[in-house]
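Presented below is the structure to which this report refers.
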Amino acid sequence: MTNAWVKIAVLSMGGMLGVNARYWQAVWMARWTSPAFPWATFAINVLGSFLIGLSSAVLAHRLPGNDPARLFIVVGFLGGYTTFSSYTLEALGLIERDRPLLAVIYLGGSVLSGAGAVALGLALGRWLASPS
């Protein structure tokens with residue numbers, strides 16, 4: 001099997017698992033959140049941002065640049081798990097339902113929370129990966 005096919009397989013498996021994690025988390029969260037605001041997508045994007053920061057820092061320290069584990073976790077799983085396209089569609093839906101303030105809160109809150117979560121994940125990952 002060529003290196004390209006290994007990468008395709010690794011990315012596909014990670015993406016498949018990430019998409020399922022996103023879907024089932026949204027189903028679970030729908031049981032206890034209000035449909036007035038897309039809480040599941042918001043939470044998934046913030047958690048995914050944190051995890052991509054954390055895993056990027058830890059894996060960069062522990063594994064070489066092209067290790068399949070990095071492709072599986074960061075690009076495959078977390079790429080499939082986070083939901084930017086859903087995020088933008090839901091924001092537009094809020095605007096179309098005459099909820100522009102909620103749309104602005106959702107858009108801004110997601111970006112700021114995501115950036116903060118990435119920074120926190122990177123800091124934690126670097127701390128965990130640093131020599132004791």
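Start at 1 with the first residue, then count along the sequence.
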D67 vs L59, side chain to side chain contact (heavy atoms under 4.5 Å, CB included): CA-CA, chis, key distance, verdict: CA-CA 9 Å; D67 190 278; L59 294 172; over 6 Å; no
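- To the nearest 0.5 Å, atoms CD (Q25) and CD1 (I44) are separated by 4.5 Å.
- When the side chains of ILVMFWY residues are joined at heavy-atom separations under 4.5 Å, either directly or via intervening members, L47 and V74 end up in a single hydrophobic cluster.
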Trace of the side chain to side chain contact (heavy atoms under 4.5 Å, CB included) decision for L54 with L122: CA-CA 5 Å; L54 175 66; L122 279 169; over 6 Å; no
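- No more than 12 heavy atoms of other residues, nucleotides or ligands shown are found within 6.0 angstrom of CE on M13.
- Side-chain heavy atoms closer than 4.5 Å link hydrophobic residues (I, L, V, M, F, W, Y) into clusters, and following such links, possibly through other members, connects W32 to W39.
- To the nearest 0.5 Å, the span separating CG on L71 from CD1 on I8 amounts to 11.5 Å.
- In this structure, CZ in F37 is found 10.5 Å from CZ in R99, a value given to the nearest 0.5 Å.
- Considering every non-hydrogen atom in both S49 and G114, the closest pair reads CB-O, 3.2 Å.
- The backbone N or O of S56 sits nowhere less than 3.5 Å from a side-chain atom of R70 that would complete a donor-acceptor pair.
- At a threshold of 4.5 Å between side-chain heavy atoms, the hydrophobic network of Ile, Leu, Val, Met, Phe, Trp and Tyr places W127 and V118 in one connected group.
- Distance CG/L94 to CG/L107: 8.0 Å, rounded to 0.5 Å.
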Report the C-alpha separation of F42 and Y87 in whole Å, then their side-chain angles, then the decisive distance to 0.1 Å, and conclude whether the ring-ring contact (aromatic ring centres under 6.0 Å, His included) test is met. CA-CA 7 Å; F42 182 85; Y87 154 75; 8.8 Å; no
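- In the hydrophobic clustering of this structure, F84 groups with Y106; members are Ile, Leu, Val, Met, Phe, Trp, Tyr whose side-chain heavy atoms approach within less than 4.5 Å, directly or through other members.
- Hydrophobic clustering places L11 together with L51 (ILVMFWY residues linked when any side-chain heavy atoms are closer than 4.5 Å, directly or through intermediates).
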Test log, rule side chain to side chain contact (heavy atoms under 4.5 Å, CB included), inputs L120 and F50: CA-CA 7 Å; L120 182 62; F50 172 77; 4.0 Å; yes
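- Using a distance-only test at 3.5 Å, with no hydrogens or angles considered, a donor-acceptor pair links the side chain of N20 to the main chain of M16.
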Set out, in order, the CA-CA distance, both residues' side-chain angles and the distance that settles side chain to side chain contact (heavy atoms under 4.5 Å, CB included) for Y81 and L17, then state yes or no. CA-CA 8 Å; Y81 177 72; L17 293 172; over 6 Å; no
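- Considering CD1 of I95 and CD of E90, their distance stands at 12.5 Å, rounded to 0.5 Å.
- The minimum heavy-atom distance between A129 and A57, with the atom names listed, is CB-O, 4.5 Å.
- Note that OG of S55 is 5.0 Å distant from CG of L78, once rounded to the nearest 0.5 Å.
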